[in-house]
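Right, one structure below, let's go through it.
Throughout, a chain's letter reflects where its sequence line sits, starting with A, and its residues are numbered from 1.
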Amino acid sequence: MHEAVALSGGGAAGFLLVLAVILPATGVVLSLALGRHAERIALVLMPTGFGIALAILADVWRSGTSLVYLIGGWAPPLGIALRADGLSCIMLVTTALVICAVGLFARGDFSEPEPGRETRAPLVFWTMLMGVWGALNAVWLGADLFNLYVALELLTFSAVPLVCLDGRAETLAAALRYLLFALVGSVLYLLGVALFYGAYGTLDITLLASRVRPEPVIWIAAALMIAGLLAKTALFPLHLWLPPAHAGAPAAASAVLSSLVVKGSFLLVVRLWFDVLPGLPGMPAAQTLGALGAAAIVFGSVLALRQARLKLLIAYSTIAQIGYLFLIFPLTTGAAAAGIWGGIAWTGGVYQLVSHAVAKAAMFMAAGLIGEALGHDRIAELGGIGRALPMTVCAFGLAGMSLMGLPPSGGFVAKLMLLTASVTEGQWWWAVVILLGGLLAAGYVFRVLAPALADTGSLTLRARVSRRQEGVVLALAVCALLLGILPLRPSQLLQIGRPAATLAVVR
Amino acid sequence: MTAETLYGLCAAALVGLGLFGSIVDPQPARKILSFNLLGGGVFLLFGIIARRGATAGMGADPVPQAMVITGIVVAFSATALAVALVLRLFETTERATLQPDAPPRPSGDGADPDA
């Protein structure tokens, strides 16, 4: 890792990492300064940001090592580094893809107001969308625990206004509840950061990994940090804030919140578990996280089955799908001796991260279009919408395939890998949960599709839906499907930048 | 008992009180206050760590102090955002609780069942 620091400390490629964070931040500042042009600024920055994410991916892929940038040329522990490993690259590209799709979709809902008028919602939407993007990129690239804290807070502050864009009382209450959960979560994280600094005098992830020893203060710090992050990730039983917040937001905002924002804090759990404390957490802790994940899968899916409103159903399905991510911990901890980075559970977990992000964004936007066309989103009264909006309902179905894990979707590959891992690890109980979760997911997707495709005669649409928006949703849903046929090269990419000790075992 | 231990216990007490309040108290405004108490405890802990890191020529390790400043800025913005949301919620609904079924505040007679 340190050779990488020396080689690319101030290189031109390293500067891309700075751009990935700075560009959306510039967008926020410009939007606030130029008010009415927020949409145009965001739409110009989106392809640029996508290009930067791809360039970082290409550079890391080609060199086979992490890309590191030392801010101001100061090496840790004095300075702060930005680091892009394989996982960061994948998340950067996924984020850029979803943000661009949401941006194209939202042009209809949050288009620029008439000249001379400035309405709040579009300005806040575009500004906060850029804010979420910048904060997420900072989370993916952060290599310093305190810097990651700041990025996490930026993410919360950008996400909360997105929840209450329409200013209705229930969305305000949902936003407030979300903020309060998130604030307590991040203070607990900060408390853990303080304990880490007190024990080892550095917060750089690479340096910490070489210094940590199994001792009580580290267990307390890690437990506090992970508990705080779980509240922000909405893992069962800390999920109470998520359904009203994600279901109440406008469709474009829900898509970002549900597919990307909750993943930011999840990635910090991954960083803490695998990068800061490589190989240290034991089986009991891993099984606890796995059990919470399993409970989230069952509980979230069952509640999704019982919802009367389409957007609430999708929000509960997010809780269930987050649960799958936490199965990584028990399934890789047992494999540590055999080289976890080759581990199939790890790759499956990251597949789940990406495929859920893409599928859930498509699903929320499809639900938004259905709600717009009908003027409501009551599942029982969806009859005939499949004929009125064939592209949208098709997109919903394709995204649903990924959630239930039907081939050839991305969700199928993810769930198959997790299933294989739980069988090869001899932890069959997770396999039962994964299969049950897939069955329940099929149930709640079918609950929507059955009335939507039923022929109920006449259906009066309240509003016309733009063909362009339908196209964006369908394109994203097709991406979710195609993820499953990507060659499995990402598993090599994912090993880039893993701690050297575990890499050596793999070789 | 050294000064560091004393302050450390204070920090622990603040964190405990803040955490208790922010979980148990149903009033958003009090939750926000509890959050600030919790944050205060964490910042005090950073101060103690800075003090313990004192080396020759310096009274305290400057890095945790810099983190405290950043942390205070973040906590301040968080509080401002939360207070703005509570005010807006109050303007819209005439009450400021998170219980969805709570009855609306009776206006005019001055009695406040939520307080």
(Q) What part of A:Phe146 gets within 4.5 angstrom of chain B, counting heavy atoms only: side chain, backbone, both, or neither? (A) side chain
Q: Specify the closest pair of heavy atoms between A:Leu183 and B:Ala78, including all atoms of both residues, with the distance to one decimal.
A: CD2-CB, 3.4 Å
Q. Side chain, backbone, both or neither: which part of B:Val15 has a non-hydrogen atom closer than 4.5 Å to chain A?
A. side chain
Q) For B:Leu81, is it the side chain, the backbone, both, or neither that has a heavy atom closer than 4.5 Å to a heavy atom of chain A? A) both
Q | Distance in Å, B:Phe43 CZ paired with A:Leu191 CG, rounded so as to fall on 0.5 Å steps | A | 11.0 Å
Q) Which one of A:Tyr149, A:Phe181, A:Tyr197 has the most heavy-atom pairs closer than 4.5 Å to chain B? A) A:Tyr197
Q.
Which heavy atom of A:Cys164 sits nearest to which heavy atom of B:Leu85, and what is that distance?
A. SG-CD2, 3.8 Å
Q | Per-residue contact mode, B:Ile48 against chain A (heavy atom under 4.5 angstrom) | A | neither
Q) How about A:Arg211: does its CZ atom have over 12 heavy atoms from other parts shown lying under 6.0 Å from it? A) yes
Q: Please name the pair of heavy atoms, one in A:Leu195 and one in B:Ile49, separated by the smallest distance, quoted to 0.1 Å.
A: N-CD1, 4.5 Å
Q.
Would you say that more than 12 heavy atoms from the other residues, nucleotides or ligands in this model lie under 6.0 Å from the OH of B:Tyr7, or not?
A. no
Q: Check whether B:Arg52 gets within reach of chain A through its side chain, its backbone, both or neither, counting any heavy atom under 4.5 Å.
A: side chain
**Q.** For B:Val74 against A:Phe157, the heavy-atom pair lying closest together
**A.** O-CZ, 3.7 Å
Q) Between atom CG of B:Leu89 and atom CZ of A:Arg177, what is the distance when rounded to the nearest 0.5 Å? A) 10.0 Å
Q: Give the intermediate values and the outcome of side chain to side chain contact (heavy atoms under 4.5 Å, CB included) for residues B:Val63 and A:Leu203.
A: CA-CA 10 Å; B:Val63 177; A:Leu203 290 174; over 6 Å; no
Q) Can you find a heavy atom in the side chain of B:Thr92 that is under 4.5 Å from one in the side chain of A:Arg168? A) no
Q.
So which atom in B:Thr93 and which in A:Ala169 form the shortest heavy-atom distance, rounded to 0.1 Å?
A. CG2-CB, 3.1 Å
Q. Which atoms of A:Leu154 come close to chain B, meaning under 4.5 Å heavy atom to heavy atom: side chain ones, backbone ones, both, or neither?
A. neither
Q. Can you say whether A:Leu179 sits under 4.5 Å from chain B via the side chain, the backbone, both, or neither, judging by heavy atoms?
A. side chain
Q | Nearest heavy-atom neighbours spanning A:Leu176 and B:Pro28 | A | CD2-CB, 3.7 Å
Q: Would you indicate whether the side-chain heavy atoms of A:Val184 and B:Ile23 approach each other to under 4.5 Å?
A: no
